[in-house]
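Okay, so here's the structure we're looking at.
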Amino acid sequence: MNVPALETHELSVSYRGKPVLHGVDIEVPPGTLTGIMGPNGAGKSTLLKAVMGVIQPDSGWVKLLGKPLGEVLGRIGYVPQRESVDWDFPVTVFDVALMGTYAGLGWFGRPGKAERARAMEALEQTGMVDLATRKIGELSGGQQQRTFIARALAQKAEIYLMDEPFAGVDAATERAIIGLLGKLRDEGRTVLVVHHDLQSAPRYFERLLLLNLRVVAHGTVEEVFQPEILEKTYGGKLTLLSDVARRVARGSGGGLP
Amino acid sequence: MNWEIWQDLLQSPTSLWLMLASAFTVMACGVPGTFLVVRRMSLAGDAISHSVLPGIVIGFLISGTLDSPWILGGAALSGWLTVMVIGWLHRSGSVREDAATGIVFTAMFAIGVVLLRLYAGKVDLDPDCVLFGNLETAIHGARVGVFGLDVPQIVLVTGGAAVLGWAMVGLIYHRLLVGSFDPSLAALTGQAPRRTESILLGVTALVVVAAFQTVGAVMSVALLVLPAASGLLMCRRVPAILGAVAGHAVISSIGGMVIATWAGCNLGASVVICGAVLLVLVWAVSLRKRNR
Ligand SMILES: Nc1ncnc2c1ncn2[C@@H]1O[C@H](COP(=O)(O)OP(=O)(O)O)[C@@H](O)[C@H]1O
Ligand SMILES: [Mg+2]
């Protein structure tokens, strides 16, 4: 069997004694596109942070590409949640994309021609070349998100972790991004995306991880996108839920693109 | 404009040395200050500049002179350790970072002031000089021969601090940038953001100690923040801000000299006042640009 791209074992995380994630035990196969879903405060961002080593788990472990994080630095790409970015920071779109190429530089290296070309190519893929010299604070929401997707592409990583890349973006950007994610998956990369919209989820992703402080369900869309499971994840919090559930029951909500 | 001031300034080598020392000081503080400002860590600069005081006083009591390298090293170490302790308190939970910073550095500063008042009378250490700086006196201190030129030691010390700041930027600019903008990405790509931050804070401590003779322990924090804040108003990228910091250093040292000569007051304070005026001017211009 293939080594899972991401494997967590009994991962538990808490903030100052308040438990946020409990016994997360998952294996994500390589070359797949997974949506991570759950209500606000379910611990989706926390899971990504624990995987990236930004916060230390209370117990359990994480393996990426079959190894601990320290051995695969530079092979993991990431797109931060909008709220965690300092949009007033004095950097341009190109500066941000270029940061995606820093992994191999060492302490005293500086990005050269090859790195600049990689950053530019990534900006081309996200349609941001014309805005390359713009300060990031002067962009629209969609353009800001394209900038960070470009940075992730410039990383040429094997696993991508993206926290709500569709938040606050226009429809055209959302289509462009999902197209790029599909391409990454087709190249054999593994992509995990925190996502909010239940309507589009079964079209966008082939696998789903439903979270609410613990793993409610994890598997292919066919296995997981069921009314009872969604009900269990969201606890009837969404008014939209019953609508989606009905469509799933009628068999019109599922299906891959 | 009074012509005589300019004539006096240009004819006296002492004034030239004074301007050079203050320009070096502003530049030395402004460079690490730029990264503190863009990281929204100005308070850490405040903490360092206040917590070097006990280190300076203790170092002086041991060595008996303000010129001793032990003072510089010891004081920088005390400033650097303080911010490391603050970071540790914050990370280990229970204490908010701003609260931890406020508590630790005011305590350190208070210890320094008490030591200063207790022992300063018995030895030749002027409290005002340490708190507010006295470049006019320091410039007449020890001299060192460099290429046949008789250079005041304070010019070399501040110049060395400026070189240290620029060397840090020249060597590890990319780690400083990504570690400031996105520490998570930096950690994920093996860019050692924690160690980069320690280096930044260590260099900050060193330049602050070098600056304390020029502007004093209290006002060096103004030099950490003022040039970078003006640059941030004008520029879109960090390298441009660093350039603006250099310009700010030159203008505020010349302007400070003019103010000090004209008003007959402390040069360090005049440099800071001139820097503040520059900031207000830049701010006014940036407001007009935005409204247009
Ligand atoms: N830095 C933090 N300190 C304390 N609590 C936090 C912190 N970050 C998140 N939390 C809490 O952890 C829970 C999960 O947060 P998060 O992972 O951001 O949820 P999601 O991304 O699924 O909306 C929430 O209840 C949130 O309030
Ligand atoms: Mg979140």
Side-chain angles (χ1 to χ4, degrees), chain A residues 14-17 45 48-49 51-56 64 69-81 84-96 98-111 115 133-138 148 151-152 154-155 157 159 161 163, chain B residues 34-41 90-97 167-196 198-200 228-245 286 289-290:
Chain A
S14 59
Y15 288 111
R16 310 222 164 121
S45 301
L48 292 194
K49 284 181 191 158
V51 169
M52 297 193 305
V54 173
I55 40 180
Q56 287 305 313
L64 293 147
L69 177 68
E71 291 173 31
V72 291
L73 294 176
R75 294 161 74 185
I76 316 299
Y78 124 96
V79 173
Q81 197 167 358
S84 67
V85 175
D86 179 2
W87 296 106
D88 289 329
F89 200 96
V91 281
T92 63
V93 169
F94 183 74
D95 289 331
V96 173
L98 197 59
M99 281 180 206
T101 68
Y102 283 8
L105 288 183
W107 276 100
F108 307 122
R110 37 186 86 227
E115 281 80 16
T133 57
R134 221 25 119 72
K135 204 175 146 179
I136 55 165
E138 296 162 357
F148 278 85
R151 185 180 80 175
Q155 281 191 263
I159 300 177
L161 308 167
D163 203 343
Chain B
T34 298
F35 289 94
L36 293 182
V37 167
V38 298
R39 300 169 80 112
R40 298 170 193 269
M41 273 177 68
H90 166 59
R91 269 193 297 276
S92 68
S94 66
V95 189
R96 285 178 43 145
E97 186 163 25
M168 173 185 74
V169 169
L171 288 173
I172 60 167
Y173 172 73
H174 296 98
R175 294 222 157 163
L176 285 167
L177 183 70
V178 69
S180 304
F181 180 60
D182 192 341
S184 302
L185 178 79
L188 199 60
T189 53
Q191 308 282 304
R194 281 271 197 81
R195 245 176 302 158
T196 309
S198 304
I199 291 172
L200 173 64
S230 323
L232 191 58
L233 284 171
M234 289 189 292
C235 310
R236 289 136 43 90
R237 302 183 63 231
V238 176
I241 296 179
L242 291 169
V245 164
S286 76
K289 250 198 226 156
R290 204 168 304 165

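All values derive from a computational prediction rather than experimental measurement. A, B, ... follow the sequence lines: proteins, then strands. Residue 1 opens every chain.
Looking at heavy atoms from C-beta onward, A:Val91 lies in side-chain contact with B:Phe181 at the 4.5 angstrom threshold. B:Arg40 is listed as a side-chain neighbour of A:Asp88, based on a closest heavy-atom distance under 4.5 Å. Counting heavy atoms from C-beta outward, B:Leu185 and A:Tyr102 have side chains that stay 4.5 Å or more apart. Counting only heavy atoms from C-beta outward, the side chains of A:Leu105 and B:Arg175 never approach each other to under 4.5 Å. Taking the side chain as every heavy atom from C-beta outward, A:Phe89 and B:Asp182 never approach each other to under 4.5 Å.
Heavy-atom minimum distance, B:Gln191 versus A:Ala103: NE2-CA, 3.6 Å. Summarising the geometry of B:Cys235 relative to A:Lys135, their closest heavy-atom pair is O-NZ, 4.5 Å, with the distance given to 0.1 Å. Considering every non-hydrogen atom in both A:Pro90 and B:Ile241, the closest pair reads CG-CD1, 3.7 Å. For the pair B:Gly170 and A:Arg110, the tightest heavy-atom approach, listed with the atom from each and the gap, is O-NH2, 2.8 Å.
Contact annotation for A:Phe108: both backbone and side-chain heavy atoms come within less than 4.5 Å of a heavy atom of chain B. Heavy atoms of A:Val72 lying under 4.5 Å from chain B are absent altogether. Heavy atoms of A:Ser84 lying under 4.5 Å from chain B are absent altogether. Contact annotation for A:Leu69: only side-chain heavy atoms (C-beta onward) come within less than 4.5 Å of a heavy atom of chain B. Within the 4.5 angstrom heavy-atom criterion, no atom of A:Arg75 approaches chain B. When heavy atoms are compared at a cutoff of 4.5 Å, A:Phe148 approaches chain B solely by way of its side chain, counted from C-beta outward. Residue B:Leu176: no heavy atom, backbone or side chain, is found under 4.5 Å from chain A.
Listed options A:Gly70, A:Gly106, A:Pro80 were ranked by heavy-atom pairs under 4.5 angstrom with chain B; first place goes to A:Gly106. Highest contact tally toward chain A, considering only B:Ala240, B:Gly190, B:Pro183, is held by B:Gly190 [criterion: heavy-atom pairs under 4.5 Å]. Interface remark: of the candidates A:Val54, A:Ile136, A:Ile76, A:Ile76 forms the most heavy-atom pairs closer than 4.5 Å to chain B. Of all the listed residues (B:Thr189, B:Leu188, B:Ile172, B:Val178), the one sharing the greatest number of non-hydrogen pairs under 4.5 Å with chain A is B:Leu188.
Using a cut-off of 4.0 Å between Lys/Arg side-chain N and Asp/Glu carboxylate O, B:Arg236 and A:Asp95 are scored as not salt-bridged. For the pair A:Asp86 and B:Arg39, the salt-bridge criterion is not met [side-chain N within less than 4.0 Å of a carboxylate O].
Note: B:Ser184 OG to A:Asp163 CG = 10.5 Å, rounded to the nearest 0.5 Å.
Between the B:Arg237 side chain and the A:Thr133 main chain, no donor and acceptor come within less than 3.5 Å of each other.
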Quiz item: What do the steps show when you test A:Trp107 against B:Arg195 for side-chain contact (heavy atoms from CB on, under 4.5 Å), and what is the final call?
Solution: CA-CA 11 Å; A:Trp107 276 100; B:Arg195 245 176 302 158; 4.1 Å; yes

